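In what follows, a structure is listed as structure tokens, so that the remarks can point back to it.
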Amino acid sequence: MTNPEQSYQHRDALSKFEIPNTKIETNQNCEILNSKLWDFVLQISCLFRISIFLFRIFNTTVQRVVLVPILAIFIFSSCSQPMDRPYSLERVGPARVVQLYVDGFEQLSLNQKIFAYYLSRSALAARDIAIDQHHRYALEIRDLIEGVVTHPAGIPDTVYQAILTYTKLFWINNGPYDNITSRKFVVGCSPDEFRAALLKALETGADIGHTTSTLDEALNRLNPFLFDPSVEPMMTNKTPGEDWIKGSGVNFYTHDLTQREVEQFIRSGRQKNGLNSKLVKERGKIVEKVYRAGGNGVEPGLYAEDLEASIFYLEKAIPYASGPAQKETLRRLIRYFRTGDLRDFRDYNIQWVADTSTVDMIHGFIEVYLDPMGLKAEFESSVYWSDQQLSKAIRDIGAEAQYFEDRMPWDNKYKKQGIKPLAASFVNIMFSSGGTGPVSPIGINLPNEQLIREQYGSKSVVLNNIVDAANKSGGEVLLNEFANDRSEIELQKKYGTLADNMHTALHEVLGHASGKTMVAGDPATYLPGYYSTLEEGRADLIALWHIWDDKLIELGAIPDKDVARQMYNAYVRNALLLQLRRIPHGDQIEEDHMKNRQMIANYILKNSDALSMEQRDGKTFVRVANYDTMREMVGKLLAEVMRIKAEGDLAAARNLVDTYGLKIDTRLRDQVLERIRHLDVASYNAYVMPEYEAVTDASGNITDVRVTYPMDLTKQMLEFSAITKQAKQQAAVTLTKN
């Protein structure tokens, strides 16, 4: 087996390689200048806030002197980064490309750095799994477009730029569909121009996965998908009345299956690995293909090479784990990757929940948002370390989990008893891939299995440096355009970051881990296609419900109820207006988080006088007319959503989501798009990851791990593809020997 540093040496060689064409460039100068100016403003703002903060400490009660320092963590953490570094790198269609930083990495111990280094390599080695899951042609398409991007000589500039833009969108979204809208994007040149560019790349030495003689056959198959917007237009389609399997491009089911066939197969009990498998039709019968590396008497399955490559680095990481508990966590994960057995996955999750190591990892087949049936999981991986000081506030909340559970607005029979303190942390992401990178969530609560949550607990993490980078790359233009009045703007400036952090913390720490179900097994199986929307909505509602509880002030998590008012203002503004910019086409929402937000806000709007939609100068604004009434409606809806989950009431789930969350007002959407057209506001961020280099002595021992920031999406993605390809080739040799 090859020395693990060799693939990094290959990456270093690539980093010195200059693509021989000035067409690969980013319009960074203006973006970086704006970012520097924004950072300077933030520094001045920090000094002002610190002054006010200290003044308040010395002009209040002894109790406040003890409690308020928790808030200082949020204030000082935003002032500690360098002033002159860039965040926003470039704009690609709906996405803004942002550099992610890992402040504090240098303070980790050498063992922790080496451990994180190997985990990041493991995450990178398996990234192609998520790309393949997004569409059956995705990896083949990537070979074609990366061949053009790396060999641009002789290709007309307009054609090259069209292919480069498509390639960047592909990289950002891990495939040919937009993460947020689920809609396909197409190549912006003609099929003939695309073919000519591929032939020119072949002439200049590109490896596109095809020879000249086989290229036309491949393009005859791929071109309808690449150029026709009507061919497989949605990655995940949950339109009522349509065939969700036939209408979805996602690669969890072969294209010859129907929703009826899949549902019958699931009901028959023949599906044993719903989370980590693909359903295929062979000789007229449905067969379940399990994701597994194999070994130790187990036959390899799907993604065997990818998983074997990932396992290689997990095994390298074990000696540097924090102790016996974390070493056992990795061994159980490796066993699961080899067998694909969900019983092994359960054993791993039980061990992982109890592991409180500073450097940690989420790794494997986790979230089911992409599956129209809501059962099969996308690969994702996030390596992070916990900021112990910053985590104190949400850990105090987690320690009071039983208090908050007892005050849930739902029926007592759905309330848990004997809740253990919930593990919760603010963490800094070191590396993410698959379902968590380049596009990243801001908070995660795992495991997803309800029985493990109830019996063993869960972990909740808020991704601190992701939130920080998002805030520093975005500015305030949307707030100034869409806030109802000046008081809302001032309230957001005062408490916006704190309210956002509290929403994420309450959503993750109290939301997903709460409640007791009455159905046997996983409630998701009773609510196919609707469970993820409802569960995300339930967690949002819990945050909106508990933000008003005096316990949060007592704990020092918030200073006063203005934080709750800010949370309500921002939530409805986003749900009813701002998120519409992410749906430039069509009249319905597919992404579960967006759907749940609209469901909540629309339910309150249409069933009470708590919210008001107002028109001024041809523009629509939303206002919370009565905070008390809105909270009452939050409690009413939360009780119903909990009942639906607990009882597995599919009819009620369908009625609630389809009535309030599915369809959008296209006229309002068009107004929102027009209002932001001149603002250059991205719909979402994609993060360029930090990169890590192992520093070795003459004997090959790692003496340090150096972090660098590439500031270039194109360079990083091409390096990642080369590293992943080499890792899989090495894994194939290992599998052959075994």
Side-chain angles (χ1 to χ4, degrees), residues 11 14-19 22-47 76-106 120 149 161 164-165 167-169 171-173 384 387 428-433 436-440 442 463-479 496-497 500 676 679-693 706-720:
R11 192 217 71 180
L14 273 174
S15 68
K16 298 172 186 175
F17 170 67
E18 296 293 334
I19 298 173
T22 57
K23 295 172 183 175
I24 296 184
E25 57 188 30
T26 56
N27 298 322
Q28 295 184 15
N29 293 340
C30 183
E31 298 271 17
I32 292 173
L33 179 61
N34 289 339
S35 180
K36 290 181 179 179
L37 179 60
W38 180 242
D39 276 352
F40 176 75
V41 172
L42 283 175
Q43 295 292 325
I44 299 301
S45 172
C46 282
L47 292 175
F76 283 97
S77 67
S78 66
C79 304
S80 61
Q81 291 99 19
M83 291 176 59
D84 58 349
R85 65 188 184 185
Y87 283 87
S88 182
L89 303 180
E90 63 174 310
R91 175 73 179 275
V92 184
R96 186 174 302 282
V97 178
V98 176
Q99 178 62 55
L100 184 67
Y101 295 91
V102 283
D103 297 308
F105 178 80
E106 294 78 7
S120 69
V149 169
Q161 291 299 331
L164 178 60
T165 297
T167 304
K168 288 181 178 181
L169 288 172
W171 287 330
I172 286 168
N173 293 280
Y384 56 85
D387 187 317
N428 292 300
I429 291 292
M430 290 184 275
F431 189 89
S432 289
S433 68
T436 51
V439 179
S440 174
I442 60 173
L463 313 187
N464 178 59
N465 57 337
I466 293 289
V467 174
D468 181 64
N471 288 340
K472 289 180 178 176
S473 63
E476 297 183 356
V477 290
L478 283 176
L479 174 64
T497 298
D500 286 348
I676 68 171
L679 299 178
D680 188 31
V681 175
S683 295
Y684 54 92
N685 288 342
Y687 295 93
V688 174
M689 294 293 151
E691 295 181 359
Y692 305 91
E693 179 184 2
R706 186 180 298 123
V707 61
T708 58
Y709 302 106
M711 306 289 177
D712 190 326
L713 175 71
T714 297
K715 177 175 175 289
Q716 181 167 89
M717 290 294 106
L718 292 174
E719 289 175 355
F720 282 2

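Just so it is clear, the model here is predicted, and its values are computed rather than measured.
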Go through the steps for R91 and V97 under the test side-chain contact (heavy atoms from CB on, under 4.5 Å), then give the verdict. CA-CA 6 Å; R91 175 73 179 275; V97 178; over 6 Å; no
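- Atoms CZ and CG, from F105 and D103 in turn, are 12.5 Å apart once rounded to the nearest 0.5 Å.
- Not counting sequence neighbours, the partners of I442 by the side chain to side chain contact (heavy atoms under 4.5 Å, CB included) test are I466, V467, T504.
- Between the side chain of N428 and the backbone N or O of V102, no donor-acceptor pair lies under 3.5 Å.
- The shortest side-chain heavy-atom distance between T714 and V149 falls under the 4.5 Å cut-off.
- Between T708 and P690 there is no side-chain heavy-atom pair separated by less than 4.5 Å.
- Taking each heavy atom of S432 and M689 in turn, the nearest pair found is N-SD, 3.5 Å.
- D468 places no side-chain N or O within 3.5 Å of a backbone atom of N464 that could act as its donor or acceptor partner.
- Contact between L89 and V688 at its shortest, heavy atoms only, is CD1-CG2, 3.8 Å.
- Expressed to the nearest 0.5 Å, how far CZ of R706 lies from CD of E106 amounts to 11.0 Å.
- Applying the side-chain hydrogen bond (donor to acceptor under 3.5 Å, both in side chains) rule to S440 yields no partners; only residues at least two apart in sequence or on another chain are considered.
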Determine, stepwise, if the pair Y709 / V707 fulfils side-chain contact (heavy atoms from CB on, under 4.5 Å). CA-CA 7 Å; Y709 302 106; V707 61; 4.1 Å; yes
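- Salt bridge E90/R96: absent, no basic N to carboxylate O contact under 4.0 Å.
- Listed by chain and residue number, Y87, V98, L100, Y687 satisfy the side chain to side chain contact (heavy atoms under 4.5 Å, CB included) test with A469 (two or more places apart in sequence, or in another chain).
- Counting heavy atoms from C-beta outward, P86 and M711 have side chains that approach closer than 4.5 Å.
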Test side-chain contact (heavy atoms from CB on, under 4.5 Å) applied to M430 and S120, step by step: CA-CA 8 Å; M430 290 184 275; S120 69; over 6 Å; no
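- Of the inter-residue distances, the one linking Y384 atom OH with L463 atom CG reads 9.0 Å to the nearest 0.5 angstrom.
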Does the pair Y684 and V439 meet the rule for a side-chain contact (heavy atoms from CB on, under 4.5 Å), with working shown? CA-CA 8 Å; Y684 54 92; V439 179; 3.9 Å; yes
